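Because the structure is a prediction, the values reported are computed rather than measured. Numbers restart at 1 for each chain; the letters A, B, ... are given by sequence-line order, proteins then strands.
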There are 2 protein chains.
Amino acid sequence: MSGRAVRADARRNIEKLVESAADVFRERGLHAPLEAVAQRAGVSTGTIYHRFGSREALIDAVVPAYAEEQLDRAAADAMACADPWEGFVRYVERVCELQASNLALNDVISRNHPGTAKLAEVCHRSQEQARRIAERAQADGALRADFAVEDLLFVFWSNAMLIRFTAGTAPDAWRRSLGFTLDGLRAGAAHALPTAALTPEQVERVMAGRGRAPA
Amino acid sequence: MSGRAVRADARRNIEKLVESAADVFRERGLHAPLEAVAQRAGVSTGTIYHRFGSREALIDAVVPAYAEEQLDRAAADAMACADPWEGFVRYVERVCELQASNLALNDVISRNHPGTAKLAEVCHRSQEQARRIAERAQADGALRADFAVEDLLFVFWSNAMLIRFTAGTAPDAWRRSLGFTLDGLRAGAAHALPTAALTPEQVERVMAGRGRAPA
DNA sequence: GGTAAAGTTGAGGCCGGTGTCAAGATAGGG
DNA sequence: CCCTATCTTGACACCGGCCTCAACTTTACC
C-alpha cells in the first residue's frame, strides 16, 4: 500500500528507544522518568512522544511481549514438574525471581503500573496459568485447600515491597521471606482463615487502580 | 524566666495544626502534602513552617507519642497473655490493625518515613519489645526456632503493601494474608530457610533509607 | 488607644516530572 | 544536487509539592 512508511533514521531511533526503555524500565520500574529513556537513547523526550504518543504506549511496545514470554516459561516449567507441589513452589519462586531481577516485571506482577491494555491481558493470561498450577497442587493434597489463586497476589505484593526496600542492601532477603510464606501454604500448616479470598471483581478493581489507599 | 513566650492566637493555631496534622497523617500517611494540613487547620503553609520549621519537626510533634503509646500497649497486652504463642499472635495482629487503621502508623511501622529522631527511637524501643515477645514464644516451642525479630519487618512490610492496595476495596483482606503468614511461623510448619535473617546493621541501613531500590 | 513585638499571609522561586509545538535539521527520491 | 516530506529538537507551559520572605495584620502591654 503506502510507500516508505518511516525513514531509515527514524527506524533506528525507534529501535534505540525500545532498547533503552527496556533497560531503564528494568532498572527503575515502569514509573521511571521518560527523560531517562530519551537520554539513554541519545534523543530528546519530544521524540518519544512523537513516536509513541504516551508513556503507556511506550510500555505497551516494550514490556508485554517480554513479560508474557517470561511468565509463560515459568508456568510451563512448573507444569513440567512431576511433583505438583514442587511445580507450584518453582513457579512462585521463579515469578519472585523475575520481580527481583527486573523492576519492570516487578511492577507488572504486583499490578503497580499505569493500566495498559496489553499488560492487563498478560496478567489475566498469567493468572489462568497460575490457577492450573495451584489447582494441581491442591488436588495432590500438598497445597492447602483454602488457598485461592487470588491469594497469590498477596505473595507477589509482599515480595514487591521487600524488593523495593532491600534490593540495595540484601538482594536475597526475599528468599527468606518466601520461605516463611511457602511454609504457611502447605496443607499441613493450615489453620482456619479469618476472611474469604478476594473475589475476582475485587482483584479487578484493585488492578484498575481504584481501591488503592489515598496516599 | 522569659515572659509571654507565645501569643494566645498563636497558641490556638499550633493546637489546631497539631490536631489537623494528626488527622491528615492518619488518613493519608506521613507523605501527605502539608498544604492539606494547613487547609484543614484554616491556616497557610507558611504558618506551619514558621511554627515547626519542617515536615520532620511537625511529624515529631504529632506522631511519636501516639505511636509509642499504641505500640507499648500492644506489647503489654501480648506479654499479659498466659500463652506465649497466643501473645505473639495478638501482638502481630494488633500491630497490623494499627497499620490498617492509621496510615501514619503504617508508615512508621513499615519504616516508610522521613527519618526523624524521635520516630527512630520509637521504632527501636518497639523492636526490643517485639524481641521479648518473640523469644518467649520461641522458648515455649510454638514459634519456629529459626525466626528472628528482624523477620517481623517482612511481615509488616507485606502488610503495609496489602493495605495500600486493598484499603479501598477489601479493608479486611490483610487478615487473610496474615493468617497464611502466621501458619508459616508455627514451629510445626518449619522447613529449612534458604537465607539468613537481616542483620541489625542491614535493618539500620534500610531504616535510614539507604538500601532502597532506585525507583 | 498607641505602638512594638509577635504572628500570618500568599506570591514566588525552586524542583522534577509531563506533554506540546514552532522552528530547524536531514534523508533520500527526483 | 536540490527540494520536500519526514523527523527531531529544546524551549515552554503546566502540574503538584516544597520552602521562604517581605509585606501586612493582630495582640497585648503600657
Side-chain angles (χ1 to χ4, degrees), chain A residues 1-21 24-25 27-62 103 107 112-116 209 212 214-215, chain B residues 1-21 24-25 27-62 103 107 112-116 209 212 214-215:
Chain A
M1 298 276 157
S2 63
R4 306 211 37 66
V6 7
R7 241 162 62 176
D9 57 336
R11 181 80 251 147
R12 257 177 283 127
N13 277 340
I14 291 172
E15 276 162 20
K16 196 85 214 309
L17 272 173
V18 167
E19 279 172 41
S20 305
V24 170
F25 288 154
E27 291 166 12
R28 312 188 39 181
L30 296 182
H31 300 287
L34 293 191
E35 172 65 31
V37 175
Q39 198 174 310
R40 181 167 319 202
V43 124
S44 88
T45 64
T47 302
I48 296 183
Y49 286 98
H50 178 55
R51 301 268 72 132
F52 296 92
S54 69
R55 156 179 239 103
E56 284 68 43
L58 177 60
I59 291 175
D60 254 0
V62 165
L103 292 187
D107 284 340
N112 185 21
H113 55 77
T116 79
R212 237 80 146 208
Chain B
M1 300 276 152
S2 63
R4 306 212 35 70
V6 7
R7 244 162 58 176
D9 57 336
R11 182 78 255 147
R12 259 178 281 126
N13 277 339
I14 292 172
E15 277 161 21
K16 197 85 212 309
L17 273 173
V18 167
E19 280 172 41
S20 304
V24 170
F25 289 154
E27 291 166 12
R28 311 186 41 181
L30 296 182
H31 301 287
L34 293 192
E35 173 64 30
V37 174
Q39 198 172 309
R40 181 167 319 202
V43 124
S44 88
T45 63
T47 301
I48 296 185
Y49 286 96
H50 178 55
R51 302 265 71 132
F52 296 92
S54 70
R55 155 178 241 106
E56 284 68 40
L58 177 60
I59 291 177
D60 255 0
V62 165
L103 292 187
D107 284 340
N112 185 23
H113 54 78
T116 81
R212 237 79 148 209

When you match A/I14 and B/P33 each to their closest nucleotide on DNA chain D, which lands nearer the 5' end?
->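 Residue closer to the 5' terminus by nearest nucleotide: A/I14.
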For DNA chain D, whose closest nucleotide is more 5', that of A/G42 or that of B/G53?
->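 Here A/G42 is the residue nearer the 5' end.
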Does OP1 or OP2 of [N] have a side-chain N or O of [X] closer than 4.0 Å?
{"X": "B/R55", "N": "D/dG17", "result": "no"}
{"X": "B/R7", "N": "D/dA28", "result": "no"}
{"X": "B/Y49", "N": "D/dT20", "result": "no"}
{"X": "A/R12", "N": "D/dC7", "result": "no"}
{"X": "A/N13", "N": "D/dT8", "result": "yes"}
{"X": "B/T47", "N": "C/dT9", "result": "yes"}

How many Å lie between [atom1] on [X] and [atom2] on [N], as a whole number?
{"X": "A/L58", "N": "C/dG17", "atom1": "CG", "atom2": "P", "result": "16 Å"}
{"X": "B/I48", "N": "C/dG10", "atom1": "CD1", "atom2": "P", "result": "14 Å"}
{"X": "B/D9", "N": "C/dA5", "atom1": "CG", "atom2": "P", "result": "17 Å"}
{"X": "B/L34", "N": "C/dT8", "atom1": "CG", "atom2": "C1'", "result": "17 Å"}
{"X": "B/F52", "N": "D/dC19", "atom1": "CZ", "atom2": "P", "result": "14 Å"}
{"X": "B/H31", "N": "C/dG16", "atom1": "NE2", "atom2": "P", "result": "18 Å"}
{"X": "B/Q39", "N": "D/dG16", "atom1": "CD", "atom2": "C1'", "result": "14 Å"}
{"X": "B/H50", "N": "C/dG10", "atom1": "NE2", "atom2": "P", "result": "16 Å"}

Of all the heavy-atom pairs spanning [X] and [Y], show the shortest one and how long it is.
{"X": "A/A41", "Y": "A/K16", "value": "O-CG, 3.7 Å"}
{"X": "A/V62", "Y": "A/A21", "value": "CG2-CB, 3.9 Å"}
{"X": "B/H31", "Y": "B/N112", "value": "NE2-O, 3.3 Å"}

Determine yes or no for a side-chain-to-main-chain donor-acceptor pair under 3.5 angstrom, with A/R55 supplying the side chain and A/L30 the backbone.
->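 A pair under 3.5 Å: yes.
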Quick one: are A/F52 and A/D60 in side-chain contact, heavy atoms under 4.5 Å?
-> no
Quick one: which of D/dT8, C/dT20, C/dG28 gets closest to the side chain of A/T45?
->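 Among the listed nucleotides, the one closest to the side chain of A/T45 is C/dT20.
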